[in-house]
Amino acid sequence: MASVKPLDERPAWKALTSHFAQVKPLHLRELFAADPERARRFTVDAAGLYFDYSKHRITAETMALLLNLVDEVDLRGHIDAMFRGDKINVTENRAVLHVALRAPRDAHIFVDGEDVVPGVHEVLDKMSAFAERVRSGVWLGFTGKRIRNIINIGIGGSDLGPVMAYEALKHYSDRSLTFRFVSNVDGTDFAEAVWDLDPAETLFIVASKTFTTLETMTNAMSARKWLLAALKDEKAVANHFVAVSTNATEVAKFGIDTANMFGFWDWVGGRYSMDSAIGLSTMVAIGPDNFRALLAGFHAMDEHFRTAPFAANLPVLMGLLAVWYSNFFGAETIAVLPYDQYLKRFPAYLQQLTMESNGKYITLEGKRVTYQTGPIFWGEPGTNGQHSFYQLIHQGTKLIPVDFIGFNQTLNPIGDHHNQLMANMFAQGEALAFGKTTEAVKTEGAPDWLAPHRTFEGNRPSTTILVDRLTPEVLGKLVAMYEHSVYVQGVVWNINPFDQWGVELGKVLAKQIMPELESKADPALGHDSSTNALIRRYRAGR
Ligand code: F6P
């Protein structure tokens, strides 16, 4: 592999390091006071998203230096390589083409000399036909009853995208259908999902890229048993199970007719797959037209990412701000705080997208990094978080950059709820940035001893993303913005955001431990003394 200059030895990095010393003591109060145009200067209005990053601890020079950095690491070349279908996932020798999943029918994207776009649309058409059959009641259960319940069985990317999208787009969903999502190998997840359902009216979508994932296969087997216990005929499986996978052999082995399998490809990573056939439950819920609108939103952001100048490119700006705080301010986390109840699973979705992608300490050259990589993402919808953890963001000792996401229009206009919601979002951004001085607190009558407790230092950074309305298209844009921002960060850190070797060791050890738990005789245990004792304690106490 060609040798690449280590990130922290690059001129742009060194320039940022000395620049940081000048920016660190600056307060957002001073920055805003010194520049009446600051909000306009640091806001991008693109692809229907108003992206205000003026409340960040940056100056025009910070952004110029960060943009120099992406030039030095050849972000443009990396973006082109991804869209071209180059095998940029080098540790798995795969292309990374989630952008092909939302490419229009007349686009052409090649992998190993083959245009993948016709295959994408073939699957989308097959999904549409299936979704229409379920939604219209043409697809019947084995006993002739109409399907009323859809259960997606999957985990990781085969669950988090479908759950998040279902919750986010519930407003657009068919309310005569019940949707549930089973992911955890904890039997409670499955038991609670089916306890009030009639098997004769229930359809399972088994979603697994590999179709070998232990949790998913265990849940799918339990679903099969649950169904057959009621319907008492193996042939019922065909009416009540469909599969989403890249692995036709394993799907057939499970007993699902591959005619009822919806495929995708190894160039789609699990956490980048919600707009592939993994989105089948989403399509059944919101209908094919809305699903296509979701894809159009993804594609609009792809085009923005591919073509907009970096200085006005939302994923690039978002990615660079993450680098700025992670590597220079030493921030360990980023909070994503959507002021929309429908986005309640968005932070959980982003956790896999961001942390499975950029939680890596090895560079593309196989060396240990000498700088921080992927931050921890977390969050809850506003206003709930305000009454829980915001205290720490306002007055704690840790710097936590925040993404606020809000909408001009609510999907559920009730009284003044929406104005209250948005007033809170704007207030939080303002309070975090500007705080409240001790003098102001004292002027309000606080005694000297109490004043420090009631003082807000401020200077807490945030981005505010304001959009007109939560629609399928807008959801696609939001997700694609974060997807591409993850790539930008990965390129800067010189890591591979598209593999996930770090999940393997635990899987291997669990496989070893499983027979030790099941064994009738007292097995010889070869683990460390702590793990051995835990296993013995469990065996004795279960
Ligand atoms: O956690 C590891 C992982 O491979 C994720 O990347 C993936 O989304 C998940 O497991 C599920 O994988 P599959 O879709 O193959 O069941």
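Values below: all heavy atoms of this structure, side chains included; hydrogens, waters and symmetry mates excluded. Counting starts at 1 for both ligands and their atoms, in listed order.
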**Q** Have a look at Gln352, Lys209, Glu504, Lys507 and point out the one with the heavy atom closest to atom 4 (O) of ligand 1.
**A**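 The residue whose heavy atom sits nearest atom 4 (O) of ligand 1 is Lys507.
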
**Q** Determine whether Asp198 and Arg148 satisfy the following criterion, salt bridge (charged side-chain N to carboxylate O under 4.0 Å, His left out), listing intermediate values before the conclusion.
**A** CA-CA 9 Å; Asp198 175 359; Arg148 303 210 173 270; over 6 Å; no

**Q** Charged N to carboxylate O under 4.0 angstrom, Glu234 versus Arg224?
**A** yes

**Q** Starting from atom 9 (C) of ligand 1, find the nearest protein heavy-atom neighbour and note its residue, name and distance.
**A**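 Checking every protein heavy atom, the shortest distance to atom 9 (C) of ligand 1 gives Ile155 O, 3.6 Å.
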
**Q** Taking only heavy atoms of Val503 into account, list the atoms of ligand 1 that are under 4.0 Å away from them.
**A** 1 (O), 2 (C)

**Q** Any idea which of Arg271, Gln500, Met217, Glu356 brings a heavy atom closest to atom 5 (C) of ligand 1?
**A** Glu356

**Q** Decide, yes or no, whether a salt bridge links Arg180 with Asp196 under the criterion of side-chain N to carboxylate O below 4.0 Å.
**A**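 Answer for the salt bridge query: yes.
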
**Q** Please write down residue, atom name and distance for the protein heavy atom closest to atom 13 (P) of ligand 1.
**A** Thr213 OG1, 3.3 Å

**Q** Quick one: do Lys477 and Asp302 make a salt bridge, cutoff under 4.0 Å?
**A** no

**Q** Considering only heavy atoms of Ser158, which atoms of ligand 1 have at least one such atom less than 4.0 Å away?
**A** 13 (P), 14 (O)

**Q** Salt bridge check, Arg102 against Glu483: does any charged N sit closer than 4.0 Å to a carboxylate O?
**A** yes

**Q** Pairs of nitrogen or oxygen atoms closer than 3.5 Å, one from Gly156 and one from ligand 1: do any exist?
**A**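 No - when backbone and side-chain N and O of Gly156 are compared with those of ligand 1, no distance drops under 3.5 Å.
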
**Q** Please tell me whether Phe346 and Tyr482 form a close aromatic pair, meaning their ring centres lie under 6.0 Å apart.
**A** yes

**Q** Does the side chain of Trp226 come within less than 4.5 Å of Pro199's, by heavy atoms?
**A** yes

**Q** Looking only at heavy atoms, is any part of Thr210 under 4.0 Å from ligand 1, and if so is it the side chain, the backbone, or both, or is it neither?
**A**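 Answer for Thr210: both.
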
**Q** Quick one: nearest non-hydrogen protein atom to atom 8 (O) of ligand 1, plus distance?
**A** Gly157 N, 2.8 Å

